[in-house]
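FYI, side chains are in, hydrogens and waters are out, and symmetry mates aren't considered; it's all heavy atoms of this structure.
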Amino acid sequence: MKKVNTMEEFAALAGVSRPTASKYFEKKDAVSPRSRMKIEAMLKEVDYRPNLLASRLMRKDSKIIGVLIPSLGDPFYASIVRSIAMNALVYGYSVMIECSYGDPALESKAIENFLSVKVAGICYAPSGIRQVEKKLHRIQMELPLVFIDAVFEGANYSVRNNNRQTIGLITDYMLGAGRHPAFFPMPNVNSNAKERLDVYLDTMKASDESPIVLPVGQSLRWDFEEWAREEALRMIRSNQLDGDAIICANDRVAFGVISAMFSEGLITFKDQNALSISISGHDNQPLSKFTCPPLTTVEQDVENIGKCAIDMIMSLIGVISDEIENHIKLDGRLIIRESA
C-alpha cells in the first residue's frame, strides 16, 4: 500500500481540493456525499494519516482548548480536566493538557506552548506561582482565559467553588453536632487557602464560638498529604492539637492528618477509650470514601466547573450566543461519613 505523507498529496490523489480533504477529516458530514465517497475510496488504497494539528494551525481557530493545572496526579484536578474535555467535545474542540508541578519555568513554558499552537482559549488552575501573573494578565486581554478552582487578583473570568457556602456548610454541621471544630489550614499555594480559612473564622464568630486555627508552618508545598502528616505529628507530640473536631482545608490534608492520628494511636479499631475526634475535609476526592474511617467532606461540583468553563470560552469566541457571567461560583454538597 502506497504511503502518503501530506494532505496536499492525498487530496490530489483523491481528486478533491485540500480544504475539502481537511474538512472531511475534521467532520465527515461537512463535505458533499460525492467528495466523501472519493476520499473514503482513496483511504482504502493508500496509507495516510492526517496531521490534524498542522491543519488546525493554518487556521486562526485551532479548535484546541489549553488546560493548565498543577498536577494530573491530583484526582480532583483530573476530574475537572475530564469534565472540560468531555464538554469541549460537544463543540468539536479537543484539549491540550499541561502541568506546572509548582515550577515557575514549567508554568511559563506551558503558557508559551498554548500560544504556539494558537489555542482558542485557556482553562487555568493557578499553582500559586506569582512570577507568571503579569504574563497572564496580558494574555487574558488577547484570548479567553478562564481561571478554574482558584484565581489571581484582576482575573477577568473564573469558574470555581463557592468556598463561603461549602466551608460554612461543614463548619455549621460540626457545630450542630455539638463539636467545637479547629481548622487545619492548607499550604498557601492558591486563593483557596486564605478564602477557606477566612470563612471558617467568620462562621465560628457568627455562631459566637471561639475559632481555633491549628499552628501549621507556612508552606508552598503541593505534597499536601505528607506535609499535613508531618505537621499533625508535630502538633500531637507537642500537645498542640486542640479541639474535639478538625476541619481540614481539603481532603488531601485530611488524609495526612488521619495517617498521623492513626500512627500515634489516636484512631484505633481496638481501644474503645481512644480519643474521640471528628475529622472532615473538603473536595470529596475519589479516595475519600476509602479512608479509615471514611471521610466526611464537602463535594465540589466538578462536572459543572468544567462545563461552565467551556461554555464561557465558547461564548467569548462566539461559538454560542449565550451570555455568561464573568465570575461563577458553584455550591457544593455535604457528604457525611464515619469520620465525623
Side-chain angles (χ1 to χ4, degrees), residues 1-69 71-73 77-101 103 105-125 139 142-146 306-307 309-321:
M1 183 176 286
K2 179 182 178 181
K3 175 72 173 178
V4 175
N5 295 313
T6 68
M7 183 88 68
E8 290 80 359
E9 183 182 358
F10 176 80
L13 289 171
V16 299
S17 67
R18 189 200 181 288
T20 297
S22 177
K23 191 181 296 184
Y24 169 85
F25 288 113
E26 288 284 351
K27 188 177 182 181
K28 295 181 180 181
D29 295 340
V31 302
S32 68
R34 182 179 179 185
S35 294
R36 189 162 62 246
M37 288 177 61
K38 288 182 178 181
I39 292 169
E40 292 174 351
M42 185 53 59
L43 284 172
K44 295 178 181 179
E45 297 181 19
V46 299
D47 179 10
Y48 173 65
R49 291 185 179 180
N51 185 337
L52 295 181
L53 178 57
S55 177
R56 289 173 176 178
L57 287 176
M58 296 181 68
R59 302 195 304 265
K60 185 177 181 180
D61 181 356
S62 65
K63 286 193 173 293
I64 298 172
I65 304 297
V67 182
L68 178 53
I69 58 175
S71 172
L72 265 177
Y77 287 117
S79 297
I80 290 181
V81 170
R82 179 189 177 280
S83 177
I84 289 172
M86 297 305 294
N87 283 284
L89 282 174
V90 173
Y91 298 103
Y93 285 70
S94 57
V95 300
M96 174 180 174
I97 304 167
E98 294 272 3
C99 300
S100 62
Y101 302 108
D103 185 325
L106 287 178
E107 184 144 327
S108 183
K109 177 62 176 174
I111 295 168
E112 292 302 323
N113 289 342
F114 290 152
L115 298 179
S116 69
V117 298
K118 302 176 183 176
V119 295
I122 297 173
C123 294
Y124 171 64
I139 290 172
E142 301 170 359
L143 81 164
L145 171 62
V146 177
K307 182 181 186 305
I310 289 299
D311 286 348
M312 192 174 286
I313 289 176
M314 293 300 115
S315 176
L316 291 169
I317 63 179
V319 172
I320 61 176
S321 58

(request) Check ring-ring contact (aromatic ring centres under 6.0 Å, His included) between Tyr77 and all other residues, then give those that pass, not counting sequence neighbours. (result) none

List the atom of [X], the atom of [Y], and the distance in Å for their closest heavy-atom pair.
X	Y	value
Tyr24	Val31	N-CG1, 3.7 Å
Met42	Phe10	CG-CE1, 3.5 Å
Ala120	Ile317	O-CG2, 3.7 Å
Ala110	Leu68	CB-CD1, 3.7 Å

(message) Can you confirm whether Ser108 sits close enough to Ile111 that some side-chain heavy atom of one is under 4.5 Å from a side-chain heavy atom of the other?
(response) no

I need the [X] [atom1] to [Y] [atom2] distance, nearest 0.5 Å.
X	Y	atom1	atom2	value
Ser116	Lys109	OG	NZ	7.0 Å
Glu107	Tyr101	CD	OH	12.5 Å
Leu106	Glu98	CG	CD	9.0 Å
Leu115	Asn113	CG	CG	9.0 Å

(message) Show, in sequence, the C-alpha distance, side-chain angles and deciding distance for Ile139 and Tyr124, and conclude whether the side chain to side chain contact (heavy atoms under 4.5 Å, CB included) test is met.
(response) CA-CA 12 Å; Ile139 290 172; Tyr124 171 64; over 6 Å; no

(request) Please name all residues satisfying side chain to side chain donor-acceptor pair (under 3.5 Å) with Asn87, sequence neighbours left out, ordered by chain then number. (result) Ser83

(request) Can you spot which of Ile84, Ile80, Val81 makes a side-chain contact (heavy atoms from CB on, under 4.5 Å) with Ile69? (result) Val81

(request) For the pair Ile313 and Cys123, evaluate side chain to side chain contact (heavy atoms under 4.5 Å, CB included) and give the outcome as yes or no after the intermediate values. (result) CA-CA 9 Å; Ile313 289 176; Cys123 294; 3.7 Å; yes

(message) Let's go through Val4 and Asp47 carefully: what are the C-alpha distance in whole Å and the side-chain angles of both, what is the deciding distance for side chain to side chain contact (heavy atoms under 4.5 Å, CB included) to 0.1 Å, and is it a yes or a no?
(response) CA-CA 6 Å; Val4 175; Asp47 179 10; over 6 Å; no

Could you pull out all residues at least two apart from [X] that satisfy salt bridge (charged side-chain N to carboxylate O under 4.0 Å, His left out)?
X	result
Lys2	Glu9
Lys38	none
Arg36	none
Glu40	none

(request) Dump the intermediate steps for side chain to side chain contact (heavy atoms under 4.5 Å, CB included) on Ile65 and Ile122, then the final yes or no. (result) CA-CA 6 Å; Ile65 304 297; Ile122 297 173; over 6 Å; no

(message) For Lys3, I'd like to know if atom NZ has over 12 heavy atoms of other residues, nucleotides or ligands within 6.0 Å.
(response) yes

(message) Any side-chain to backbone donor/acceptor pair from Ser32 onto Ser35? Under 3.5 Å, distance only.
(response)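 Present.
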
